Number of protein chains: 2
Amino acid sequence: MKMQDGLSEFIERQLRNRCGMSGADYQVLAHLSEAPEGRLRSFELGQLLRWEKSRLSQHLGRMQNRGLVSRERCLADQRGAVVAITPRGSDLIKVAAPQHVADVRDVLIDHLTATEMAMLVTIGDKVAERLATLEHKH
Amino acid sequence: MKMQDGLSEFIERQLRNRCGMSGADYQVLAHLSEAPEGRLRSFELGQLLRWEKSRLSQHLGRMQNRGLVSRERCLADQRGAVVAITPRGSDLIKVAAPQHVADVRDVLIDHLTATEMAMLVTIGDKVAERLATLEHKH
DNA sequence: CCCATTTGGTTAATGTGTGAACCAGAAGCT
DNA sequence: AGCTTCTGGTTCACACATTAACCAAATGGG
């Protein structure tokens, strides 16, 4: 628990202080920048992030106000929305990503042996699998 | 990351649905119930939880409104506050604790081998230590 | 085709976390 | 004593997450 809280608090703080963005912002931009043309249907993004749809809607609204993403109506589905990364958002994630990766190395990966790292991955997979079956059981 | 998010989301949801309390509530009550006479100075509680003082103040306000804790002025230090667990809070944590422990077993401990569990503890300690030194360096 | 249901998305209410400003009482220094 | 600095707490403004309610466009039977 201490590791969990400490890790996310540290990562969150680094992103905030150095890039003026939250972990949530980072994930949104990361997914968008990896998508073809930097654009995704809103609900696709929601599935990738596993977020409540209201959360996504509100968060995208704030990011749009800051000029990090833009929203357009979808042509194929009249009720749908397409969200696209802006040049400003693209620049931001390009700066943030390497620092973020370095931080994760610095606080986690660099201090574990190969065995520990491998074990951590298998543990993570096991837990994720267990959580998935619980979730599937409704 | 998936393990981290999944675990805390699951635990949080179980507490909320079954006991009507958040993980934050649980931690506050847990610390108070372990303290002598179920009472602690506000700042001591803050140090145990590693919370911002404004967070603690606001959260205690809400818990007081729900009758889970009470606050009194401190005799020794005129500006200080003492926070105490109420009978209602005490009952709640007594019901919640075993369920909480069972949930943690169910989703984490029971599915790991002894080796994995031991390794996870080692990893947690290493990371916590690393975080502590970073924090200490200001 | 018509009507019920589902799906994509927004909005409002409430609970929760963070940083800054603020205040009163304590401690320390001269 | 008198002055500064530190400490314990609250409050405000804002960012953020969840739930429920809502709406319009799609879908799927009859």
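Sequence lines set the chain letters: A, B, ... in the order given, protein chains first and strands last, and positions in each chain run from 1. Given the structure is predicted, the values throughout are model-derived calculations rather than measurements.
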List, with names and distances, any nitrogen or oxygen atoms from the protein found under 3.5 Å away from nitrogen or oxygen atoms belonging to nucleotides 3-7 of chain C.
| residue | atom | partner | partner atom | Å |
| --- | --- | --- | --- | --- |
| C:dT7 | O2 | A:Arg79 | NH1 | 2.4 |

Next item on the list: Could you note down all residue pairs passing ring-ring contact (aromatic ring centres under 6.0 Å, His included) where residues 60-91 of chain B supplies at least one of them, sequence neighbours left out?
Entry: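 Sorted pair list comes back empty.
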Note to self: For residues 73-92 of chain B, which residue pairs pass the ring-ring contact (aromatic ring centres under 6.0 Å, His included) check, not counting sequence neighbours?
What the structure shows: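 Those involving residues 73-92 of chain B do not exist here.
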Notebook entry, point to check: Which residue lies toward the 5' end of DNA chain D, B:Arg71 or A:Asp77, if each is placed at its nearest nucleotide?
Noted result: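 Its nucleotide being nearer the 5' end, the pick is B:Arg71.
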Notebook entry, point to check: Of all of residues 32-49 of chain B, which get a heavy atom below 4.0 angstrom from DNA chain D, listed by number?
Noted result: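 Close to the strand are B:Arg41, B:Ser42, B:Phe43.
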Check: chain A on DNA chain D: first and last contacting nucleotide, 5' to 3', under 4.0 Å to a heavy atom?
Finding: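 Nucleotide range with atoms under 4.0 Å of chain A: D:dC16 to D:dA26.
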Check: Which value, rounded to the nearest 0.5 Å, describes the distance between A:Ile123 atom CD1 and B:His111 atom NE2?
Finding: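 Between A:Ile123 CD1 and B:His111 NE2, I get 13.5 Å after rounding to 0.5 Å.
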Show me the pairs that pass salt bridge (charged side-chain N to carboxylate O under 4.0 Å, His left out) and involve [range], at least two apart or across chains.
range                       : value
residues 67-80 of chain B   : B:Arg39-B:Glu72, B:Asp77-B:Arg79
residues 3-13 of chain A    : A:Glu9-A:Arg13
residues 112-125 of chain B : A:Lys126-B:Glu116
residues 16-31 of chain A   : A:Arg18-A:Asp103, A:Asp25-A:Arg66

Review item, side-chain donor-acceptor pairs of residues 49-57 of chain B, under 3.5 Å, at least two apart:
none

Next item on the list: May I ask you to decide whether B:Asp106 forms a salt bridge with A:Arg130, counting only side-chain N to carboxylate O separations under 4.0 Å?
Entry: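 Yes, B:Asp106 and A:Arg130 are salt-bridged.
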Item checked: Residues forming a ring-ring contact (aromatic ring centres under 6.0 Å, His included) with B:Tyr26, sequence neighbours excluded ->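 Testing B:Tyr26 for ring-ring contact (aromatic ring centres under 6.0 Å, His included), a comparison that skips the adjacent residues, returns B:His100.
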Check: Under 3.5 Å, side chain of B:Ser42 to main-chain N/O of B:Ala81, donor-acceptor pair present?
Finding: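 Not a single qualifying donor-acceptor pair exists.
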Item checked: Where protein sits on nucleotides 11-18 of chain C, one letter per nucleotide: B base, S sugar-phosphate only, - none, heavy atoms under 4.0 Å -> BBB--BSB
Notebook entry, point to check: More than 12 non-hydrogen atoms from neighbouring residues, nucleotides or ligands closer than 6.0 Å to CD on A:Gln47, yes or no?
Noted result: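 Counting other residues, nucleotides and ligands, CD of A:Gln47 exceeds 12 neighbours.
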